[in-house]
Structures are given as structure tokens and as C-alpha cells.
Amino acid sequence: MNKHKLPKAGTCELAPSILSADFANLASEIAQVTALGIRVIHLDVMDGHFVPNITFGPPAVKWIRKCTDAVLDTHLMITNPEKYAPEFIKAGSDHITFHIETVENPADFIKVLRDQGVTVGVTLNPETPVETIENVASLCDMVLVMTVHPGFGGQSFIDEAAQKCIRVREIVGRDIRIEVDGGIDMETIATARDYGADTFVAGNAIFGKENRSQAVSQLQTALRQ
Ligand code: DX5
Ligand code: ZN
């Protein structure tokens, strides 16, 4: 059972994505943002198959786990997450998010994940309709609304995709987190919040900046407005 738990819904959380961090200095990159009060670190796992890019697997998560007490929010952009999720959980992932498009029986998979002690998120790609998650969203702790086409950091926020948060919020109520991922910056973060998101992945807008303290505080200020 993992001891680092996703904060209960009701707070706004920034989840810096290490995709834009310096992989040769990950421990200090992560320490920089957790020292600023960040509680969730977003790990983008890509397999070169579900998305046209490759990142890292369970061995990297194992080492990341050793260097932080932050919640490891693991975003599986992979085909066959049922096969690989247990490896990520063993390595120290606290939260697993999978893409609805990749699993035949999502309700069963959610139960399998929960039984392994993690919280669970289900993801919608920009072109995937909200109806596809309607029956399973309430079984999850989080719905992740992709606000770019998954695969790369540094892309532009797709407003129409973010608007799906409005419908997702109607479906899930207040107790389940809605995370947005892609193109979140000082301009777009409040828009996403207004649509109903409460968890904000930011790669380029945090690890892409020299001054992480300024980057985090600018995003937090934008959220307060
Ligand atoms: C995109 C990833 C994102 C990405 C976000 O496929 O899922 O988490 O790192 O990066 P930014 O914030 O740079 O758009
Ligand atoms: Zn992501």
C-alpha cells in the first residue's frame, strides 16, 4: 500500500510534469518544487505506440520514489496499461491514470488498480467524447481532461477540449478531481479552473522556466484571481 495519497478533492493542486525537467538532475528538480509546497508530481509515461513519443518506465519511477514524498501522479499514455500498471505501482506510483481508449473493461481495471492500493484516474483525449467515461467516472478519484493531443510538452492549450470539464463536473460532482493537462500557463490556468478543473499539470510553465519559484507563484496567483 502506498503511503502518499492524492489530496482529497476541494483544493487546487499544481502537478508539475517532469517531462520538461532536466532528467540528469531529477532529484534536485523535484526538490525545488516540493520545497515550494507542491504535493503532486506528474509523471508522463509514453510508449511510442499509443503516443508518438517515448519517455520512461517503472525503473525510473523506482528511483524517483526514493527521492520524494510527493504523490506520484502517473499518467500512462500506453497501450495495454493492464499489463504494465502493476509494475508502476510496485515501483512506487501512488496514482495511476489510464486512457479510456486503451482498456476494454474500464470498471474492472479500476477495481484491480484500487485493490493494489492506488488512486485512479481516467483520461479523455481532446477528440474523445465525455460520454465514454460517463459510467465509470464516479468509480475514479480523478478525471483527466487532455487539453492538448498527448505526446509532447510545450503545446498550445485547446480551449474546446478544456470545456469538457464543465460536463465532467456535472457528472462527477465535487468529490472527484478534474485534472487538465497540456498548455497550462499563467493565461490558461484560470480558464481551466472556471470550467471546473482543480488539478493542473504544468510542464513547460514550471520546469521550462529558469526561476521555478516565480513560475509556481505566478500560476498560484493566476488561480487566485
Ligand atoms: C502531454 C503530457 C503532459 C505534458 C504537459 O502529452 O501528458 O503532461 O507534459 O506539458 P506542458 O505543460 O508543457 O503542455
Ligand atoms: Zn500528462
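When a ligand or atom number is given, it counts from 1 through the structure's own listing order.
- Within ligand 1, counting atoms from 1 as listed, the ones closer than 4.0 Å to a heavy atom of His75 are 7 (O).
- Going from atom OG of Ser217 over to atom CZ of Arg224 covers 8.0 Å, rounded to the nearest 0.5 Å.
- Residues Ile64 and Phe88 fall within the same hydrophobic cluster, defined by Ile, Leu, Val, Met, Phe, Trp and Tyr side chains chained together at heavy-atom separations under 4.5 Å.
- Centred on the Zn ion (ligand 2), the NE2 atom of His42 and the OD2 atom of Asp181 lie at an angle of 100°, reported to 10°.
- Looking only at heavy atoms of the protein, atom 3 (C) of ligand 1 is closest to Asp181 OD1, 2.8 Å.
- Remark: Arg177 does not engage Asp73 in a salt bridge, criterion side-chain N to carboxylate O under 4.0 Å.
- A heavy-atom separation below 4.0 Å is found between Gly183 and ligand 1.
- Of all the atoms in ligand 1, the ones that sit under 4.0 Å from a non-hydrogen atom of Ser17 are 8 (O), 9 (O).
- For atom 12 (O) of ligand 1, the closest non-hydrogen atom on the protein side is Gly203 N, 2.8 Å.
- Put simply, the side chain of Thr188 gets close to the backbone of Asp185: a donor and an acceptor are under 3.5 Å apart.
- Taking every heavy atom of Val201 and a limit of under 4.0 angstrom, the matching atoms of ligand 1 come to 8 (O).
- Classification of Asp175 and Lys8 as a salt-bridged pair fails, no side-chain N sitting under 4.0 Å from a carboxylate O.
- Across all non-hydrogen atoms, the minimal contact from Gly182 to Phe157 is O-CD1, 3.7 Å.
- The Zn ion (ligand 2) is closest to atom ND1 of His75 (considering only N, O or S atoms).
- Residue His149 has no N or O atom closer than 3.5 Å to an N or O atom of ligand 1.
- Between His75 and His99, the ring planes are parallel. Angles under 30° get that label, and only those over 60° would be called perpendicular.
- The six-membered or imidazole ring of His4 lies away from that of His95, with a centre-to-centre distance of 6.0 Å or more.
- Per-residue contacts place Asn204 under 4.0 angstrom from the following atoms of ligand 1 (heavy atoms of the residue considered): 11 (P), 12 (O), 13 (O).
- Nearest protein heavy-atom neighbour of atom 6 (O) of ligand 1: Gly151 N, 2.7 Å.
- Salt bridge absent: Glu87 and Lys62 never bring a charged side-chain N and a carboxylate O closer than 4.0 Å.
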Problem set entry | Asp198 and Arg174: CA distance, side-chain angles, deciding distance, salt bridge (charged side-chain N to carboxylate O under 4.0 Å, His left out) verdict | CA-CA 10 Å; Asp198 55 13; Arg174 303 305 318 175; 5.8 Å; no
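- By the 3.5 Å distance cut-off applied to N or O atoms, Gly154 is counted among the residues near ligand 1.
- For ligand 1 and Gly182, the ligand atoms under 4.0 Å from any heavy atom of the residue are 14 (O).
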Exercise. Passes salt bridge (charged side-chain N to carboxylate O under 4.0 Å, His left out), Asp69 versus Arg39? Steps please.
Worked result: CA-CA 8 Å; Asp69 279 332; Arg39 303 196 279 179; over 6 Å; no
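- Taking every heavy atom of Ala202 and a limit of under 4.0 angstrom, the matching atoms of ligand 1 come to 12 (O).
- Heavy atoms of Pro150 found under 4.0 angstrom from ligand 1 belong to the backbone as well as the side chain.
- For the side-chain contact (heavy atoms from CB on, under 4.5 Å) criterion with Val122, the lone passing option out of Asp141, Ile96, Val103, Ile133 is Ile133.
- Short contacts between ligand 1 and Phe152, defined as distances under 4.0 Å to a heavy atom of the residue, involve ligand atoms 1 (C), 6 (O).
- The name of the N, O or S atom in Asp44 nearest to the Zn ion (ligand 2) is OD1.
- Set against the non-hydrogen atoms of His42, the atoms of ligand 1 under 4.0 Å away are 8 (O).
- The nearest protein atom to atom 10 (O) of ligand 1, hydrogens excluded, is given as Gly153 CA, 3.5 Å; this is a heavy-atom distance.
- The side chain of Leu19, and not its backbone, has at least one atom closer than 4.0 Å to an atom of ligand 1 (non-hydrogen atoms only; side chain from C-beta on).
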